[in-house]
There are 2 protein chains.
Amino acid sequence: MSTTVARDETVHEAPSARQQAVLDAVLALLVEEGDQLTMDAVARRASCSKETLYKWFGDRDGLLTATVRWQASRVHAGRDAVGALDAAALRDRLLDFAVTWLDVIAGRTSVVLNRIAIAHAGSRKGNLGAIVLANGRLAIGGRVKPVLEAGRAAGLLAFEDSETAFRTFFGLVGRDVQIRLLLGDALDLDAAEIRRDAARAVDQFLALYGQARP
Amino acid sequence: MSTTVARDETVHEAPSARQQAVLDAVLALLVEEGDQLTMDAVARRASCSKETLYKWFGDRDGLLTATVRWQASRVHAGRDAVGALDAAALRDRLLDFAVTWLDVIAGRTSVVLNRIAIAHAGSRKGNLGAIVLANGRLAIGGRVKPVLEAGRAAGLLAFEDSETAFRTFFGLVGRDVQIRLLLGDALDLDAAEIRRDAARAVDQFLALYGQARP
DNA sequence: GCCGCCGCGTACCGTACGGTACGGTACTGG
DNA sequence: CCAGTACCGTACCGTACGGTACGCGGCGGC
């Protein structure tokens, strides 16, 4: 058997430059046109043939998945490494996370991608929702929790479970912003308001979980 | 002119019993089948003709809108009336809101309807998102804020803006629950866990905004 | 220069689904 | 008993869109 090799060329890792351009076209289309994204429109916008799209991405879902992954890969950029913390450094770290997170979820791209993933999660077989979850809520949690634990180790914070503490932080930062945006509420946050909201959230979190150094 | 009367029979208020049955069928289908809801399936499930569906609800969007309104109308049931509050009564009221809210957003029906509304908000012309927002986040806000203000009047709470205070409450209660469910995370909360989470949220809120009676 | 190969453009196919038309049945008022 | 109305069931239409097939131009290898 194996008369033809039939190599699987669908994108699983590291899209080529041309493929990235296609994925950027998808993002642009998504942001501009809402979610009635057709393969024809993508091909036209990216100046490529539908056949190529199917060759590279398998099917529509594959294209969407690759797009979500592609977008996720650019958001991650972040220097971490938790060293010893004093109160001011802890506050700065948390503030940084809060601002970054609000920036992301308030962005058009995030809103649109989350809409897609949510719709997808509704019609089963959707790992899209899982992917967005893994790169959004779960990723930020994975990065914040070590900071919280370092804060506890330094005697600056008091909590039993870092997951629970993080979820409180998440709630204080996000509040109703994401659901309102997803449902189409206008609510445009400028940078100044994001900074204010983030600072308020961090202050509240520290009020709940902080403790004076013993 | 006006040779034919062409009365607009589309449902705007108070669906009849038969229409309610249709809307319940829609909800059932939505919960069972995810969101690939076809007019054919509705007609079959509700044992009515598609023609009747179109006569009653205008088009698919009209049917969806009526369904969302219908569901919203049953959730509202709530005795309010804010009298004088002591600390325990305030806490009870807030706890009640928190439990009710978590119950709602954790329900399959709410998740599915929010998915529909969010998808709809993505492809413009969608007042569906606005309707869900008005009957969800905004409605609960409208009912909680008077309680907060009564608490402040009684010297139990301290805040400047009740909207801001409410949004903090909202964040503490909801945290990441809604977005996770919308994205398809399993995360099933039983009644006991909801009560625990609600109580924790209320305690945290009171820790932030409460003050001992002067 | 000639030959594959890659990928663009375009035409095409199949189907699912929104929306309409129509015949048949039951009920109501006159 | 007849006319009108309401509504069920089903057949039907149009179209949008996912997916495929094919012809053509450009480019690297021999």
Side-chain angles (χ1 to χ4, degrees), chain A residues 3-11 15-26 29-30 32-68 116 119-120 122-126 128, chain B residues 3-11 14-26 29-30 32-68 115-116 119-120 122-126 128:
Chain A
T3 58
T4 59
V5 184
R7 195 152 95 60
D8 183 6
E9 294 208 64
T10 59
V11 173
S16 71
R18 183 73 181 92
Q19 289 170 341
Q20 291 177 14
V22 171
L23 298 179
D24 282 332
V26 173
L29 231 33
L30 242 24
E32 289 166 24
E33 303 294 335
D35 71 345
Q36 65 285 53
L37 179 90
T38 73
M39 299 300 274
D40 261 308
V42 173
R44 225 174 311 120
R45 175 66 161 252
S47 294
C48 71
S49 75
K50 279 170 65 175
E51 195 168 23
T52 303
L53 289 183
Y54 285 103
K55 185 170 175 188
W56 283 349
F57 303 104
D59 58 7
R60 189 172 182 276
D61 269 8
L63 178 60
L64 254 23
T65 304
T67 303
V68 168
I116 297 279
H120 205 92
S123 43
R124 36 185 143 291
K125 82 159 181 241
L128 255 195
Chain B
T3 58
T4 60
V5 182
R7 197 151 96 59
D8 183 6
E9 294 209 62
T10 59
V11 173
S16 72
R18 183 73 180 94
Q19 290 169 341
Q20 289 176 15
V22 171
L23 298 179
D24 282 332
V26 173
L29 273 176
L30 243 23
E32 289 165 25
E33 304 294 334
D35 70 345
Q36 66 285 53
L37 178 89
T38 72
M39 299 300 275
D40 262 306
V42 172
R44 226 174 311 122
R45 174 66 161 254
S47 294
C48 70
S49 74
K50 278 170 66 174
E51 194 169 26
T52 303
L53 289 183
Y54 284 103
K55 185 171 173 188
W56 284 348
F57 303 103
D59 58 7
R60 190 172 181 275
D61 269 8
L63 177 60
L64 255 21
T65 303
T67 304
V68 168
R115 284 205 185 116
I116 297 280
H120 206 91
S123 43
R124 34 184 148 290
K125 83 158 179 244
L128 254 195

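A note on names: the letters A, B, ... follow the listed sequences, proteins ahead of strands, and every chain is numbered from 1.
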Is A/S49 near enough to C/dG7 that one of its side-chain N or O atoms lies under 4.0 angstrom from OP1 or OP2?
-> no
Taking OP1 and OP2 of D/dC7, is either one under 4.0 Å from a side-chain nitrogen or oxygen of B/W56?
-> yes
What's the CD-P distance between B/E51 and C/dG24, to the nearest Å?
-> 15 Å
Check whether any side-chain nitrogen or oxygen of A/R18 sits under 4.0 Å from OP1 or OP2 of C/dC8, and answer yes or no.
-> yes
Rounding to a whole Å, what distance do you find between A/K55:NZ and D/dC22:C1'?
-> 14 Å
Give a yes/no on whether any side-chain N or O of A/T52 is located under 4.0 angstrom from OP1 or OP2 of C/dC8.
-> yes
Should B/T67 and B/V22 count as side-chain neighbours, where that means a heavy-atom distance under 4.5 Å?
-> no
Find the distance B/D35:CG to C/dG18:P and express it as a whole number of Å.
-> 11 Å
d(NZ, B/K50; C1', D/dG9) in whole Å | 12 Å
Mind checking A/L63 for me? I need base, sugar-phosphate or nothing, with any heavy atom below 4.0 Å counting as a touch.
-> nothing
What is the nucleic acid contact for A/D59, judged by heavy atoms within less than 4.0 Å: base, sugar-phosphate only, or nothing?
-> sugar-phosphate
List, one per line, each side-chain donor-acceptor pair under 3.5 Å for residues 37-47 of chain B, sequence neighbours excluded.
| from | atom 1 | to | atom 2 | distance (Å) |
| --- | --- | --- | --- | --- |
| B/T38 | OG1 | B/A41 | N | 3.0 |
| B/R45 | NH1 | B/E32 | OE1 | 3.2 |
| B/R45 | NH2 | B/E32 | OE2 | 2.7 |

